[in-house]
There are 2 protein chains.
Amino acid sequence: MANLVEKKSKNNKVSLSQVARAAGVSTMTASRVLRGEGGYSEKTRIKVMEQVDALGYLPNRLATVFAGDQTSTFIGVSIPDLGNEVFAQVLEGIDRKLGTFGYQSVLGLTQHTQEEEENWIRTVLSWQPAGLILTGRYHSKRATEMLRNAGVPIVEIWDLNAAPLDMSVGINHFDSGFDMGRYLTSLGYKKIGYVGTSHDTANAATERLNGFCKSVDGAGGAVVKQLCLHDTANYYPGFYGTEQLLASTRDIECIFFQNDAMAFGGFQYCTAKGLSIPEDIGIAGWGDLPIASVMNHRLTSCHVPHLKLGQKAAEMMMASLTDEPVPTCVDIGFKLIPGATVLNARR
Amino acid sequence: MANLVEKKSKNNKVSLSQVARAAGVSTMTASRVLRGEGGYSEKTRIKVMEQVDALGYLPNRLATVFAGDQTSTFIGVSIPDLGNEVFAQVLEGIDRKLGTFGYQSVLGLTQHTQEEEENWIRTVLSWQPAGLILTGRYHSKRATEMLRNAGVPIVEIWDLNAAPLDMSVGINHFDSGFDMGRYLTSLGYKKIGYVGTSHDTANAATERLNGFCKSVDGAGGAVVKQLCLHDTANYYPGFYGTEQLLASTRDIECIFFQNDAMAFGGFQYCTAKGLSIPEDIGIAGWGDLPIASVMNHRLTSCHVPHLKLGQKAAEMMMASLTDEPVPTCVDIGFKLIPGATVLNARR
DNA sequence: CCCCGTTGAGTTACCCGTAACGTTCGGCTA
DNA sequence: TAGCCGAACGTTACGGGTAACTCAACGGGG
């Protein structure tokens, strides 16, 4: 008879009721044993656990979530891209911290587009996540609607967002650009260039540039040329972007880059062309990436605690899930790094 | 009466039956409309869709998977760490490709330990993923057991694995180390150092080192000193590791690093100490990271198609899920990059 | 006007685990 | 020894969605 063979369910997985049957108890008893909530004898526990081992039973958390008011342990995490070391570190901070609480990240790479983000949000919400962590503050209209109706905690990271959907942790990019502009102009720089990449949507880098321009303009300097490449914000675009910038505009005294990777690319271009840094031209980056730690000229940059930002986002999420009080908006802060790739005593 | 208010279920989410009730049809009809499988009139379709929009209904995929023979669209992806750019790129390749098929990565950072991996595997399997992509070929005994019983496709990446649990895509690390050793000795290098990091478990870097030593020894050279730091394989450890290496062993002619980030750190250290590269000392890395593209001396390295590797892993997973024929083992290949940080005409 | 095929829509059962409640039975007390 | 109590375990219903089946209405051909 086919009955003699414990038939696994169609997806070929062992279910609790099979374990129970094999152990000669009811599913409820098996359930109690597995959850260790008491109400069973030691003899029963052993019988059940033997069968768990024998059959290789793995609990089906889908069913658990489905059954009760429990929530899943998924946290949807959207990240623009991982080619940018900065975001890789943020993700690392998030996932590690979530892991310590027994939660998992469901990744979404949005490639800096709201459309991708919207699609991803729709999909990930259909999996009943316990919460969402989103990079950036700008979402499509429909995405915003879904997020409002989602009924799960949401942490928006990266951009400081005083009026978040739910919670927010980030830094004030405008201010960080502003501070850098003020710093460079205070050193005497007047004619400054910018090299970055453009994504069609407004983003943090845009805000930094805005803040930067504002302070430079206000201090009597000028951002004489802004180069926004259609490329990734990485080493090589920094390299050739600098080439383009210097080819079109001769008398630039200092270049502000979208991030450290691009700044390093620019640094290498200048060095290769025989320009001395900082004597001939100043270089400033942003983000304080690990590579800065081994450059022989400390890169002028802006330190952002990437890992900590990710961890904080995860902590806020967990706090919200356990109904602890959570601030709606946290400024994780940045720190300007004077560095040695700009001229300190310029006049 | 409370009935007048469409009460949302306890988790505050709109269910299909609520949509159906609001539209004045049965749940089954609403289900049919949402799946677009036909069997309903245009009038009905409109009624249902109106309520979907009005109530902001989002399908509950958990229930769908739970209900039937369908599988989830989760793919568990384990990655050692994201501080290492190489793995970040692999993950990017995986997630992007999975995304095009409507699948999501559930991330697991194993921190290079089998214990973390085992725990993660247990958890992620309980969520009924459609498949798993694992970095590395070494798993704990219990993990291996679980994986065998999981009944889902598994792709082991990074290490080439001729006898995988299910499928595998990677490169032959031993060979890549061997080739590098052969190349360096062919240039005349005899006394060679190595700087890397050690993780307690055997891993790909270890295999590269083994291959490297074998070919160097076989060619009459010697790996005079192997430094295995207890640190991350990043820029700064490359920097201070080189310092340690050169402090303890004077007459090293060339250093092979675990990866390009460390190699760059070493490069910077040497430059800072006034050593000319490649005249005074040779530098070789591994992985061909983006940073190599802007170095004024092309870094001697070994190119690995990280992104492509990730994509291939995702493709194999998808093929397996759609019952297409899939090779069990794919060698994605590597390519030695001679570069300019070693002396080509050394004698 | 009847029969039958087609179309539209409802009913039922099931997936897996858990909450809530029911049942059994051994042991202790009065 | 009857009565009671609680530990141990069983039964039922439920959650959201879908497959398979059933049923009703309608229109067209004979």
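Letters A, B, ... are given to chains in the order of the sequence lines, protein chains preceding strands, and every chain is numbered from 1.
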Does [X] put a side-chain nitrogen or oxygen below 4.0 Å from OP1 or OP2 of [N]?
X: Ser41(A); N: dC9(D); value: yes
X: Tyr40(B); N: dG10(C); value: no
X: Thr44(A); N: dA8(D); value: no

Salt-bridge criterion met for Lys47(A) and Glu50(A) (N-O under 4.0 Å):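 A salt bridge is absent here (no side-chain N lies under 4.0 Å from a carboxylate O).
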Salt-bridge criterion met for Arg142(B) and Glu145(B) (N-O under 4.0 Å):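 So Arg142(B) does not pair with Glu145(B) through a salt bridge.
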Positions of residues 24-36 of chain A (non-hydrogen atom under 4.0 Å from DNA chain D), listed by number: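 Output list: Val25(A), Ser26(A), Met28(A), Thr29(A), Arg32(A).
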Sugar-phosphate, base or nothing in reach of Phe66(B), heavy atoms under 4.0 Å: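 The residue Phe66(B) makes base contact.
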Pairs: protein N or O with nucleotides 5-7 of chain D N or O, under 3.5 Å:
none

Polar pairs (N or O, both sides) under 3.5 Å between protein and nucleotides 25-28 of chain C?
none

The helix from dC1(C)-dG30(D) to dA30(C)-dT1(D): angle between end helix axes, five pairs per end, rounded to 10 degrees: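 Both end axes considered, the difference amounts to 60°.
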Side-chain touch Ser72(A)/Tyr103(A), heavy atoms, less than 4.5 angstrom: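 No, side chains not in contact.
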For Arg96(A), all residues meeting salt bridge (charged side-chain N to carboxylate O under 4.0 Å, His left out), sequence neighbours excluded: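 With neighbours one apart ignored, the set is Glu92(A).
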Full working for side chain to side chain donor-acceptor pair (under 3.5 Å) between Glu156(A) and Ser168(A): CA-CA 5 Å; Glu156(A) 290 168 278; Ser168(A) 165; 5.9 Å; no
Distance (rounded to the nearest 0.5 Å) between Leu307(A) CG and Lys97(A) NZ: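 Atom-to-atom, Leu307(A):CG and Lys97(A):NZ are 10.0 Å apart.
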Nearest-0.5 Å distance that lies between atom CG in Leu82(B) and atom CZ in Phe87(A):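 Going from CG on Leu82(B) over to CZ on Phe87(A), the span is 14.0 Å.
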Option among Leu134(B), Ile332(B), Val169(B), Thr135(B) that satisfies the side chain to side chain contact (heavy atoms under 4.5 Å, CB included) test with Trp158(B):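 Exactly one pass, corresponding to Thr135(B).
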Short heteroatom pairs, N/O only, protein and nucleotides 22-24 of chain C, under 3.5 Å:
none

